[in-house]
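Read the numbers this way: they start at 1 and go in the same order the structure lists the ligands and their atoms.
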Amino acid sequence: MKKVAFFDTKQYDREWFDKLDKSFEIKYFEEKLNPENADLAAGCDGAVAFVNDTINSRTIKILTENGVNVLAMRCAGYNNINFRAAHENNLKVLRVPVYSPYAVAEHTMALLLALNRKIHKAYNRTRDFNFSLNGLTGFDLHGKTMGVIGTGKIGQIFIKICQGFGMKVIAYDPYPIENPDFEYTELDTIYRESNAISLHCPLTRQNHHLLDSDAFMKMRSGVFIINTSRGGLIDSEALLDALKSHKVAGAGLDVYEEETELFFEDRSDTIVGDDILARLVSLPNVILTSHQAFLTEEALKNIAEITIANLEDYFAGRPLKNEVCYDCSDGGATTNCN
Ligand code: NAD
């Protein structure tokens, strides 16, 4: 029977992978996949990894030298993979292109609502029987302008949610959809006109730090920034400055550019050395969730089903419909992630 090394295992992942039928055996490891532990996969035929694993050329070399020729990502994004090294070492990379765009879009709106209506502050106050409303004033979303950057699967669902709230939506995407029921515009217009901006595009070499100090400068004062895409899309230091100067009125962040060593783990008994992150979370108008936008029952089930099907297709020599290949991955793959 084929064996698969499953890295970065959490109880909530394992539940569905254990429950579903599969034709291969899984060896679970809690460690994130990186060059220091890639040899745990020795004796396995494939590996499974996740968004914050370090899949650089060294990791890939160790995997393939140990006989692992397929890597099934149990996520949609693949910006943490060195595709040139994967190509050169004949490592097939598979992914789960869609598992629940609703999960992410709904979490995006949850962040915006919590930020705007100060739910996080109210929750803490009422637990202490403090029923004061001072400082909890929000604004109606109805009639306000939402700027959406990236109108793929998640972006389009988020746009519908915003329209349900009576918001005007303007959007930017280098590959616009046909017959949209919202308005496409340039990034500068989004910056100038939006009351809130939400990111729904992949992280690529071209859009790293898309929201930098220049972009924040162009935005209207009091804008809300929501990022459920990838941390590297925002220059965190520039965001912190924009929050401190009140240019940005609040930020809802499900991702952070230096999240790899922190997110998905309990770090409550350690001193976190990242001063920018520490300052961001200390602000009353920043809500940080640790890359949990995907985390619904439906998404976990779909991730397990599709990852199992991807690996079974590979082991059976069937066509790989969810392969990310080096030649076609120019939009999303980074090849310099050593
Ligand atoms: P998708 O591929 O369906 O859509 C992405 C869209 O972004 C496409 O329409 C593409 O044309 C557009 N795009 C590409 N480069 C762009 C740029 N520079 N500026 C603006 N638009 C650009 O992807 P999706 O399923 O909608 O997912 C979007 C992103 O959400 C993923 O790339 C991933 O980073 C993130 N994500 C986060 C979580 C989470 O738990 N937080 C879960 C899943 C996905």
Taking heavy atoms and a distance under 4.0 Å, where does [X] meet ligand 1: side chain, backbone, both or neither?
{"X": "D254", "result": "side chain"}
{"X": "T151", "result": "backbone"}
{"X": "A76", "result": "neither"}
{"X": "K153", "result": "both"}

Output the list of atoms in ligand 1 that are nearer than 4.0 Å to some heavy atom of [X], sorted by atom number.
{"X": "A293", "value": "39 (C), 40 (O), 41 (N)"}
{"X": "G150", "value": "7 (O), 20 (C), 21 (N)"}
{"X": "T228", "value": "35 (C), 36 (N), 37 (C), 38 (C), 39 (C), 41 (N)"}
{"X": "V104", "value": "38 (C), 42 (C), 43 (C)"}
{"X": "H291", "value": "39 (C), 40 (O), 41 (N)"}
{"X": "Y172", "value": "19 (N), 20 (C)"}

Between R74 and D8 the two heavy atoms that sit nearest each other are NH2-O, 2.6 Å
Heavy atoms only: give me the nearest N80-F50 pair and the separation to one decimal. ND2-O, 3.1 Å
Any carboxylate oxygen within less than 4.0 angstrom of a Lys/Arg side-chain nitrogen, looking at K301 and E15? no
So does R58 pair up with E36, basic N to acidic O under 4.0 Å? yes
Counting only nitrogen or oxygen atoms and a 3.5 angstrom limit, does [X] reach ligand 1?
{"X": "F294", "answer": "yes"}
{"X": "Y99", "answer": "no"}
{"X": "Y175", "answer": "no"}
{"X": "L203", "answer": "no"}
{"X": "Q292", "answer": "no"}

Atom 7 (O) of ligand 1: of P97, G155, G152, P202, the nearest heavy atom sits on P202
We want to know whether [X] and [Y] form a side-chain donor-acceptor pair, criterion being a heavy-atom distance below 3.5 angstrom.
{"X": "D214", "Y": "Y191", "answer": "no"}
{"X": "Q206", "Y": "T204", "answer": "yes"}
{"X": "E305", "Y": "W16", "answer": "no"}

Please determine whether ring-ring contact (aromatic ring centres under 6.0 Å, His included) holds for the pair Y28 and F17, giving the CA-CA distance in whole Å, both sets of side-chain angles, and the decisive distance to 0.1 Å. CA-CA 10 Å; Y28 291 106; F17 278 88; 7.4 Å; no
Classify the ring geometry between F139 and F224 as parallel (under 30°), tilted (30 to 60°) or perpendicular (over 60°). tilted
For P101, is the nearest heavy atom under 4.0 Å from an atom of ligand 1? no
Cluster question for you: counting only ILVMFWY and a side-chain heavy-atom cut-off of under 4.5 Å, with indirect links fine, are V98 and V104 together? no
When clusters are formed by joining ILVMFWY residues with side-chain heavy atoms under 4.5 Å apart, either directly or through shared neighbours, do I308 and L311 land in the same one? yes
